[in-house]
> 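First the structure, then my questions, so here it is.
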Amino acid sequence: YTKPIPAEMAGKLSMMKVAKRGIADTKDALLRDWGSTDVLKNAAASTLPNWAGGDISTLSGDIGVAKRNVSIGVESALRVMTGAAAPETEVARYAQMFTPGITDSKESAEQKLNALEDFMDIAEKVTMAGRGGDFNFEDIDAYLQDKQAGREAATAGGTKVGGIEKGNAT
């Protein structure tokens, strides 16, 4: 980027970069195939995802970490986009929209987390576009289509996406 970033914006972008790493961990926690160690570790905290025979409504164990990662991701993206802290009710509303629930299938959970990842990416790209970045607001649809095509290719090819082995799994 060619233009300097004000310290306040740099801090918000940094928060979002850290949150993006947390979203990859969240995908690992929520979308992996749960083995007996995972089940035993999280069963004591009643934090098994629905497809592993439990409920992801509590805030402890891997599921609690995953839920907090989603909240941090939402809050950081809203800060970058608005320039201010979002009201708690707005953060909660967005977090609920992006957090997999107890009745979600694996596919639905993955779609929600991918949507959050896309939301965060677009927030960063739009913010940086005015500072010498090469992103044009009108390119959002093409960018998201390319990203989805990459996800689908990774799924078909058996590569890792968000730390999760996709496709060709046995």
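Residue numbers start at 1 and run along the sequence shown.
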> Are Leu113 and Val18 linked, directly or through other ILVMFWY residues, by side chains that come within less than 4.5 angstrom of each other?
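No.
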
> For atom CD of Gln96, is the number of surrounding heavy atoms from other residues, nucleotides or ligands below 6.0 Å larger than 12?
no

> As a quick check of understanding, evaluate salt bridge (charged side-chain N to carboxylate O under 4.0 Å, His left out) for Glu124 and Lys17, giving each step before the final call.
CA-CA 9 Å; Glu124 179 182 359; Lys17 290 276 190 190; 2.9 Å; yes

> Under the criterion salt bridge (charged side-chain N to carboxylate O under 4.0 Å, His left out), I'd like the reasoning laid out for Arg151 against Asp146: C-alpha separation, chi angles, the key distance, then a yes or no.
CA-CA 9 Å; Arg151 286 179 180 134; Asp146 288 346; over 6 Å; no

> Any donor-acceptor pair under 3.5 Å linking the side-chain atoms of Glu107 with those of Gln111?
no

> Establish, from distance only, whether the side-chain atoms of Asp121 and Tyr143 form a donor-acceptor pair under 3.5 Å.
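On atom types as modelled, these side chains qualify, holding a pair under 3.5 Å.
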
> Do you know the tightest heavy-atom contact between Ile72 and Ala19?
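Smallest heavy-atom distance, with atoms named: CG2-CB, 3.7 Å.
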
> For Lys20 and Glu117, what are the C-alpha separation, side-chain angles and deciding distance, and is it a side-chain contact (heavy atoms from CB on, under 4.5 Å)?
CA-CA 7 Å; Lys20 282 183 181 182; Glu117 197 173 66; 5.9 Å; no

> Taking all heavy atoms of Phe119 and all of Ala77, pick out the closest pair and write down the distance.
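Distance-wise, the nearest heavy atoms are CE2-CB, 3.5 Å.
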
> Compare every heavy atom of Asp104 with every heavy atom of Ala109, then report the nearest pair and how far apart it is.
N-CB, 4.2 Å

> So which atom in Val91 and which in Val74 form the shortest heavy-atom distance, rounded to 0.1 Å?
O-CG1, 3.8 Å

> Looking at side-chain heavy atoms only, is the closest gap between Glu110 and Lys27 below 4.5 Å?
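A side-chain contact is absent here, since even the closest heavy-atom pair is not under 4.5 Å.
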
> When you compare the side chain of Tyr94 with that of Leu116, does any pair of heavy atoms fall below 4.5 Å?
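Not touching, per the 4.5 Å side-chain cut-off.
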
> Checking Lys147 against Asn114: is there a side-chain donor and acceptor pair closer than 3.5 Å?
no

> Going by heavy atoms in the side chains, are Leu13 and Met16 under 4.5 Å from each other?
yes

> For Gly73, is there any backbone N or O sitting under 3.5 Å from a side-chain donor or acceptor partner on Ser76?
yes

> As an exercise, state the distance from CG of Leu78 to CZ of Arg93, rounded to the nearest 0.5 Å.
9.0 Å

> Taking it one step at a time, do Val65 and Thr26 satisfy side-chain contact (heavy atoms from CB on, under 4.5 Å)?
CA-CA 7 Å; Val65 171; Thr26 295; 6.0 Å; no

> If you look at every heavy atom in Met120 and Ile23, which pair is closest and at what distance?
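Closest heavy-atom pair between Met120 and Ile23: SD-CG1, 4.0 Å.
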
> Indicate the atoms forming the closest heavy-atom contact of Val70 with Ala95, along with that distance.
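In this case the closest contact between Val70 and Ala95 is CG1-O, 3.9 Å.
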
> Quick one: pull up CD in Glu75 and CZ in Arg68 and give me the separation to the nearest 0.5 Å.
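Nearest 0.5 Å value for the CD-CZ distance: 14.0 Å.
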
